[in-house]
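Everything below concerns the one structure shown next.
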Amino acid sequence: MQNTAETGPDAPLDVTPLLDDPHAAYAALREAGPVHRITGTDGGPAWLVTRYDEVRAGLADPRLSLDKRHAAPGGYRGFALPPALDANLLNMDPPDHTRVRRLVAKAFSPGRVAALRGPVRQVADELLDAMATGTRADLIADYAGPLPIITICALLGVPPRDRRDFRAWSDALITPDLTRPHLMKEAIGAMLEFFTGLIAAKRAEPGDDLLSDLIAVRDDTGPDAATEPDGATTCGGGGATRRDGDRLTEDELTSLAFLILFAGYENTVHLIGNSVLSLLDRPELLGQLRSNPAELPAAVEEFLRHDGPAPLAIRRFPTEDLEIGGVRIPAGESVLLSIAAANRDPGRFPDPDALDPDRDRTGHLALGHGIHHCLGASLARMETVTALDALIGRFPGLRLDVPRDAVRRRRSLRTSGLISLPVTW
């Protein structure tokens, strides 16, 4: 990677190699040092952290704030959202983060996720039935994309007629067209209007879903509310839990619904797509997992480490001057913790570029670490295992329908995923 200007070794680095060949670029940076000054895609400067020990420590460091109020002017901030979508867990520190996460965490408990396995498998089988009427498909458009959308929409109570629009809006945010910035603005406006309308509809006619549950917490209503032994209150059937004094603001309610739907789609579609491509690249492993589906959970953990859906953690802002990897970072400047670089750090994972489901992959950071660990991690894991089990069992002759170098990836700093995955069988 080259400096963007000939102003000395401290000039910000161009991120183009991270977009073109991310793992090679991260490896070069990791070898050169643990921390680097870069220019983000929005033009703002940031500090990129690339080695495992520093990334893991940074993910749990309370001095690295997610709250934009700690950001210095002119730094990398990612894409901007209106307040009604921005008041979410990715922009919060304790105590607000603790309060809001507690209200929704029960919806993603191991027991509740296990109860969803049957419905998810049913959706997977129905999608595969539709694919089986032909001999080829785009696995992203026809399977990996619809499965998490249907699942998370059912969890929140989003009507089926609205699911296609949401996927188009999400794609506009995941990989914005920088030559047509109005498209992202239009998608954000449409999503805000959608969630505002959906919340109003759920207030008028609550259902047995997570969004109705969260609205009851926000409005402090719910005739079926029951007090748990620790003083918590569970409202409705969706799984949000309220303790005395816990409430959501209206912006927090809207933002939480947006985050659950957006993150629940984005992470899972990319994890499923990346995992399938890894298996198509390795026929021996594909055959092994087809014969021994009980090994799929371990394989998914290695897929997460090897090519997880989120190359970077959400940007952070030091609340005070601090040192990371021997580099002093002033308060308020943007810090990007590279999960992709950390998960292929040879100091933590020997032969890191090899995909080996039998390796010791404990401690990988694909779904975060510390209090900001991915809220829906157990759901993403379950959906991916279920999706792979159904797919490879149904189509024993599954293979790419294009040359390997024709498979197109999204060109993005913030996500690692496929645009399409043409397959045949």
Going from [atom1] on [X] to [atom2] on [Y], what distance comes out if it is rounded to the nearest 0.5 angstrom?
X      : Y      : atom1 : atom2 : value
Tyr26  : Arg344 : OH    : CZ    : 11.5 Å
Thr50  : Ile38  : OG1   : CD1   : 10.5 Å
Leu116 : Leu155 : CG    : CG    : 6.5 Å
Leu304 : Ser275 : CG    : OG    : 7.0 Å
Asp20  : Arg409 : CG    : CZ    : 13.0 Å
Arg316 : His70  : CZ    : NE2   : 13.0 Å

Flag for [Y]-[X]: side-chain donor and acceptor within less than 3.5 Å:
X      : Y      : answer
Arg69  : Asn91  : no
Asp360 : Thr362 : yes
Ser212 : Asp209 : yes
His270 : Ser416 : no
Ser420 : Asp138 : no
Glu284 : Gln288 : no

What are the two closest heavy atoms between [X] and [Y], and how far apart are they?
X      : Y      : result
Trp169 : Ala187 : O-CB, 3.9 Å
Arg218 : Leu253 : CG-CD2, 3.9 Å
Leu156 : Lys202 : O-CE, 4.4 Å
Gly368 : Leu59  : C-CD1, 4.4 Å

Would you call [X] and [Y] a side-chain contact if the rule is heavy atoms closer than 4.5 Å?
X      : Y      : value
Leu367 : Arg381 : yes
Asp345 : Pro352 : no
Leu379 : Ile152 : yes
Arg30  : Pro346 : yes
Val423 : Arg399 : no

Task: Trace of the side chain to side chain contact (heavy atoms under 4.5 Å, CB included) decision for Val100 with Val104 - done: CA-CA 7 Å; Val100 173; Val104 72; 5.7 Å; no
Task: Reference residue Leu48; test side-chain contact (heavy atoms from CB on, under 4.5 Å); the match among Leu336, Leu337, Leu13 - done: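 The single option meeting the side-chain contact (heavy atoms from CB on, under 4.5 Å) with Leu48 is Leu336.
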Open item on the list: Before you tell me yes or no, could you show the steps for Glu302 and Arg305 under salt bridge (Lys or Arg N to Asp or Glu O under 4.0 Å), namely the whole-Å CA-CA distance, both residues' side-chain angles and the distance that decides it to 0.1 Å?
Closed with: CA-CA 5 Å; Glu302 177 66 351; Arg305 182 205 67 84; 2.9 Å; yes
TODO: Determine whether more than 12 heavy atoms belonging to other residues, nucleotides or ligands lie under 6.0 Å from atom CD of Glu31.
DONE: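 Count not over threshold, so no.
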TODO: Take Arg56 and Asp53 through the test side chain to side chain contact (heavy atoms under 4.5 Å, CB included) and record every step on the way to the result.
DONE: CA-CA 5 Å; Arg56 188 175 189 276; Asp53 289 343; over 6 Å; no
Task: Chi angles and distances behind the side chain to side chain contact (heavy atoms under 4.5 Å, CB included) call for Val158, Leu198 - done: CA-CA 8 Å; Val158 177; Leu198 181 63; 3.8 Å; yes
Open item on the list: Set out, in order, the CA-CA distance, both residues' side-chain angles and the distance that settles ring-ring contact (aromatic ring centres under 6.0 Å, His included) for His364 and His306, then state yes or no.
Closed with: CA-CA 9 Å; His364 76 71; His306 187 260; over 10 Å; no
